[in-house]
Amino acid sequence: MNNQFVFEKKQKTTLGIFMLVGVVCMILSYLMDDGTLHMRFWSNYLTNTVYFLGIAFIITFVLHAKVLMYSGWHVAFQRVWEAFSLFLIVGIILMIPIIAGIWGHFHHLYHWADKAAVASDVVLKGKSSFLNPVWYTAGTLIIVGVWYFFFAKRFRNLSVQEDKEFDPNYTLHKKIKVNAGVFLPIAAFTSAALIWLWIMSVDAHWYSTLYAWYATASWWVGSLALTILTLIYLKSKGYLDIVTTEHLHDLGKYMFAFTIFWTYLWFSQYMLIWYANIGEETTYFHVRMRKFPVLFYGNLVLNFVLPFIILMRNDTKRKYGTLILTSIIVFVGHWFDFFQMVRPGTWLSEIEHANHAAHATHASHAAEHAAPVLSKWGYPEGFVNGVSIPGLLEIGILLGFVGLFFWFVFMQLEKASLVPKNNPYLEETEHHHVM
Amino acid sequence: MGHYVSPLRIPLIEGNKTYHDITNDICAPTERTPSALWVLGFAISVAFLALYVFIITWTIWKGIGSWNLNRTIGWGWDITNFVWWVGIGHAGTLISAILLLFRQRWRTGVNRAAEAMTIFAVICAGQFPIFHMGRVWLAFFVFPYPNTRGPLWLNFNSPLMWDVFALSTYFTVSLLFWYTGLVPDFATVRDRAKGLRWKIYNFLSFGWTGSAKHWQRWESLSLILAGLSTPLVLSVHTIVSFDFATSVIPGWHTTIFPPYFVAGAIFSGFAMVLTLMIIARKVLNLEQYITIEHIESMNKVILLTGSIVGVAYLTELFVAWYSGYIYEQFAFYNRVLGPYWWSYVGMMTCNVISPQFFWSKKIRRSIAWTFGLSIVVNIGMWFERFVIIATTLARDYLPSSWSYYTPSWVEVGMFLGSIGLFFTCFLIFTRVAPVVAIAEIKSILKVAGDQYIGPKAKKHDNH
């Protein structure tokens with residue numbers, strides 16, 4: 001059994017090329033955008049950063065929850081999840097340019113960061129004690145920092161330490177358990193606050209109480225897909241014999257179940273807003289349905305219709321072919337979901353900014369100038385690359401983030417055995433049977 | 001499920017039981033004359049049931065005017081009780097369906113009683129909207145069927161209508177699930193019986209012989225019903241939450257309601273399961289099957305769901321402020337500091353603060369604490385529904401119609417009476433059916449019996 005992962009040169013080259021493609025696409029998106037705000041670049045940067053940071057977060061959360069739940073079956077691939085969870089540190093670094101931009105005003109992702117706009121906007125003024133650079137910065141750095149240093153990193157350290165010597169009292173495991181008890185409530189509260197700051201506030205006027213749970217569910221389903229893909233890849237390289245079809249079957253069931261759960265949350269949020277028909281709320285979906293139909297309906301097709309139909313049968317959760325196919329659909333699908341959450345909002349910010357600028361500079365001819373500004377910056381008509389549908393640049397940037405994520409994950413995998421040797425549930429996971 | 005069990009797992013069946021012991025122990029309560037304690041409990045329950053019958057008669061005779069509902073507060077104790085009872089039912093479905101999917105072995109000790117509780121709770125829940133209709137003899141109007149009432153057709157856009165479908169489906173599937181599980185156990189009881197008793201249990205067990213074919217069909221039916229029940233756990237309380245959340249009333253219309261209602265339902269359901277099981281295990285001598293380990297697991301579920309509910313309360317409060325929508329802000333200001341502030345305090349204390357005691361392992365494993373807190377949670381979840389319903393309605397958009405509501409003796413009596421109905425059903429159940437699923441307990445003996453795992457295990461048996 002080969003339990004020591006080696007990060008090969010070939011893999012480094014491939015992932016390096018991915019990252020290179022990503023960087024080139026980011027530069028292109030920065031340059032090709034005809035607006036002055038480089039919104040396409042920033043929007044993509046935020047979408048991907050939040051998606052991968054969120055995957056690292058939710059995996060950290062689940063790792064801790066699993067310990068509290070006396071779960072044994074997942075131990076076979078726990079090391080892969082540990083590696084995912086450590087990506088939180090990269091997430092913090094990736095957030096820094098966004099934070100800097102809020103202070104330095106070199107992007108306009110958040111309408112609430114624009115002081116002039118806030119001054120003339122009662123709603124934004126009301127929210128300004130939460131939606132402000134200080135909260136954003138402190139929230140991001142402190143909260144994600146706590147997640148990483150006190151929990152993800154500590155979990156990993158204790159888990160690796162456990163490998164060294166067998167302890168019949170499982171002291172280290174018990175330490176992890178205590179830590180897990182502390183983490184879950186902290187994670188539940190803080191993640192919601194960050195989701196509001198990072199993505200809900202892109203649509204700065206709009207609000208929905210369910211939003212944080214919806215986004216969290218999206219992270220979780222996406223990370224399950226990524227886990228399946230990673231495991232199948234590692235197995236194809238001759239690693240992780242301990243992970244069998246039984247484990248993949250259970251992961252497939254998880255993906256199926258939480259696909260339905262995600263859809264349940266999607267429906268709950270959409271249906272209640274549609275039914276009550278309050279303008280302040282419906283605007284969110286109205287814009288998406290009318291002006292971003294590919295994002296709106298594509299989201300449902302990728303994240304509900306396809307995985308639901310494919311994974312319904314038993315055997316599709318046990319075959320590599322169908323698992324790989326569905327996992328790719330679902331992984332890209334939830335990235336698409338985050339694109340859908342972010343892009344229409346940043347597009348509107350861009351319009352508002354342009355209008356505002358037009359009004360400010362030509363106050364006397366406001367009416368005259370508003371019209372041309374709107375026609376240039378009006379809603380996207382049809383398919384606009386990078387706005388109402390993700391274009392090639394978006395795919396390239398996603399590829400770049402995938403490259404970065406796996407470069408980091410493979411580095412972490414190399415540092416410890418792929419199997420947590422003295423884990424108290426190891427024997428259970430080795431003999432895991434579903435059918 | 002293999003026979004490899006982690007050293008961290010704790011036995012779920014104590015007392016070195018054999019398969020025969022299990023049969024004896026669990027069938028025993030149905031075979032002996034009831035204890036004095038049971039008779040006393042039954043007498044009290046039936047007294048309350050009698051009160052219920054009286055109150056219902058009164059309500060029908062006098063009309064809904066005998067309740068203290070008014071023009072502003074059209075829903076009071078009635079719908080509060082309805083949601084409370086529906087919520088309580090959820091634990092049974094969660095245990096039988098979702099914990100089955102998650103392969104939680106401890107469910108086998110409590111699933112039968114929890115499923116029974118579900119059915120009785122749904123029966124109690126159904127009473128309130130039915131009698132709230134006023135002219136209850138026209139209750140069948142809620143069913144869509146070709147009729148001669150001309151254009152008067154059901155309003156399919158109404159979540160109240162969806163409730164009818166959701167609850168009747170829920171009741172049907174839960175009943176089937178529960179009864180399917182009972183079939184082999186009834187056969188076990190039958191095999192030990194003679195005469196008329198044999199005939200009755202033979203009828204109830206559908207002539208079960210225990211052949212391989214029977215077991216195979218039983219297994220596939222159970223699986224199908226588990227598959228059907230899983231979405232039901234979510235859908236029923238989701239639709240109950242729609243009763244409120246589809247409206248445009250601030251404090252009711254909020255998107256977090258569906259999952260938060262479901263979490264709250266499971267929370268209150270587990271509290272009720274604990275209340276019942278702590279008594280039942282003692283009275284029926286089932287302490288070796290419903291162990292401290294089971295109680296601890298359920299307390300963990302309570303801690304988890306209580307905290308989820310807490311996150312939801314705070315999310316609602318925060319987003320009400322964040323929304324910048326003055327009516328929304330006022331609704332929550334009123335909820336916390338308005339005339340019904342005491343019910344908000346009651347809700348927060350009982351639902352969010354009280355379960356936090358379960359962080360302590362000692363308290364989680366203490367029967368007295370668990371029993372006390374389970375009652376507190378039951379009260380808290382009642383308060384939650386009262387807060388949502390009465391507090392919100394008391395302060396609507398027009399200050400001229402602001403009002404205050406206290407229940408009449410009829411409403412209080414109906415609530416107390418419904419508890420009588422519930423306990424009467426439950427106590428009968430403990431006499432006629434095995435309270436713990438015999439077949440399912442047997443299926444985990446080799447991996448959860450204390451002679452196989454844990455400190456008392458005989459070493460040579462342990463892999």
Side-chain angles (χ1 to χ4, degrees), chain A residues 65 68-73 75 122-127 130-131 168 170 173-174 181 184-185 188-189 192-193 196 200 205-214 253 257 260-261 264-265 267-273 275-278 280-281 423-434, chain B residues 1-10 98 101-106 157 159 230-231 234-235 238 241-242 244-250 252-260 262 297 300 303-304 307-308 310-312 314-326 328-329 356 359 463:
Chain A
L68 280 188
M69 294 190 289
Y70 289 73
S71 164
W73 70 278
V75 167
V122 186
V123 177
L124 289 186
K125 223 187 274 175
K127 297 180 187 200
F130 178 63
L131 297 183
Y170 299 105
H173 186 82
K174 283 171 189 160
L184 294 196
F189 281 106
W196 295 329
M200 194 165 92
H205 284 149
W206 184 78
Y207 59 90
S208 164
T209 40
L210 187 53
Y211 193 86
W213 292 3
Y214 169 79
K253 284 197 277 189
I260 298 170
F261 182 73
Y264 164 65
L265 295 182
F267 176 77
S268 298
Q269 181 166 271
Y270 176 80
M271 202 284 275
L272 290 176
I273 288 176
Y275 196 110
N277 202 12
I278 297 171
E280 283 87 342
E281 296 177 356
N423 189 294
Y425 298 104
L426 190 60
E427 216 179 348
E428 279 190 13
T429 194
E430 275 174 340
H431 300 92
H432 182 58
H433 285 290
V434 178
Chain B
M1 281 186 213
H3 283 255
Y4 299 91
V5 179
S6 166
L8 293 189
R9 300 213 189 270
I10 299 163
I98 293 193
L101 295 181
F102 281 112
R103 289 189 226 119
Q104 296 293 308
R105 288 183 188 129
W106 60 269
N157 289 336
T230 303
L234 293 173
S235 76
T238 293
S241 83
F242 286 170
F244 308 98
T246 51
S247 69
V248 289
I249 296 175
W252 282 11
H253 172 65
T254 180
T255 50
I256 208 169
F257 257 33
Y260 139 66
V262 172
S297 293
K300 284 178 186 166
L303 175 59
L304 171 73
S307 303
I308 292 177
V311 171
L314 296 180
T315 300
E316 276 190 312
L317 271 183
F318 176 80
V319 174
W321 167 79
Y322 177 88
S323 71
Y325 183 48
I326 52 167
E328 191 76 24
Q329 291 172 341
Q356 305 306 326
W359 284 106
H463 293 273

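Throughout, protein chains are lettered first and strands after them, A, B, ... in sequence-line order, and every chain is numbered starting at 1. Reckoned from all heavy atoms, side chains included, excluding hydrogens, waters and symmetry mates.
Scanning all heavy atoms of the two residues, the minimum distance from His173(A) to Leu8(B) falls at CD2-CD1, 3.4 Å. Across Val123(A) and Ser323(B), no two heavy atoms sit closer than the pair CG1-O, 4.3 Å. Considering all non-hydrogen atoms of both residues, Leu210(A) and Thr255(B) come closest at N-OG1, 2.9 Å. The two residues Thr209(A) and Val319(B) have their closest heavy-atom pair at CG2-CB, 3.6 Å. Nearest heavy-atom pair across Ile278(A) and His253(B) is CD1-CD2, 3.7 Å.
Using a 4.5 Å cut-off between heavy atoms, Tyr264(A) touches chain B through its side chain atoms alone. Proximity to chain B (any heavy atom under 4.5 Å) is restricted, for Leu131(A), to the side chain, taken from C-beta onward. Contacts between Lys253(A) and chain B at a heavy-atom distance below 4.5 Å involve the side chain alone, from C-beta outward. Interface remark: Ile260(A) contributes no atoms to any contact with chain B (heavy atom separation under 4.5 Å). Interface residue Pro424(A): backbone and side-chain heavy atoms are both found under 4.5 Å from chain B. With a threshold of 4.5 angstrom between heavy atoms, Phe267(A) approaches chain B through side-chain atoms but not through N, CA, C or O. With a threshold of 4.5 angstrom between heavy atoms, Ile308(B) approaches chain A through its backbone and through its side chain.
By the 4.5 Å heavy-atom criterion applied to side chains, Leu184(A) and Ser307(B) are not counted as neighbours.
Under the ring pair (Phe, Tyr, Trp, His ring centres under 6.0 Å) criterion, Tyr70(A) pairs with no residue at all, not counting sequence neighbours. Listed by chain and residue number, Tyr211(A), Tyr284(A) satisfy the ring pair (Phe, Tyr, Trp, His ring centres under 6.0 Å) test with Trp206(A) (two or more places apart in sequence, or in another chain).
No donor-acceptor distance shorter than 3.5 angstrom exists from the side chain of Thr246(B) to the backbone of Tyr275(A), with no hydrogens or angles considered.
Ranked by heavy-atom pairs under 4.5 Å with chain B, the list Ala192(A), Gly126(A), Ala276(A) is led by Ala276(A).
Ring-centre distance between Phe130(A) and Phe318(B): below the 6.0 Å cut-off.
Within the model, atoms OG1 of Thr238(B) and CG of Leu265(A) stand 9.0 Å from one another, a figure rounded to the nearest 0.5 Å.
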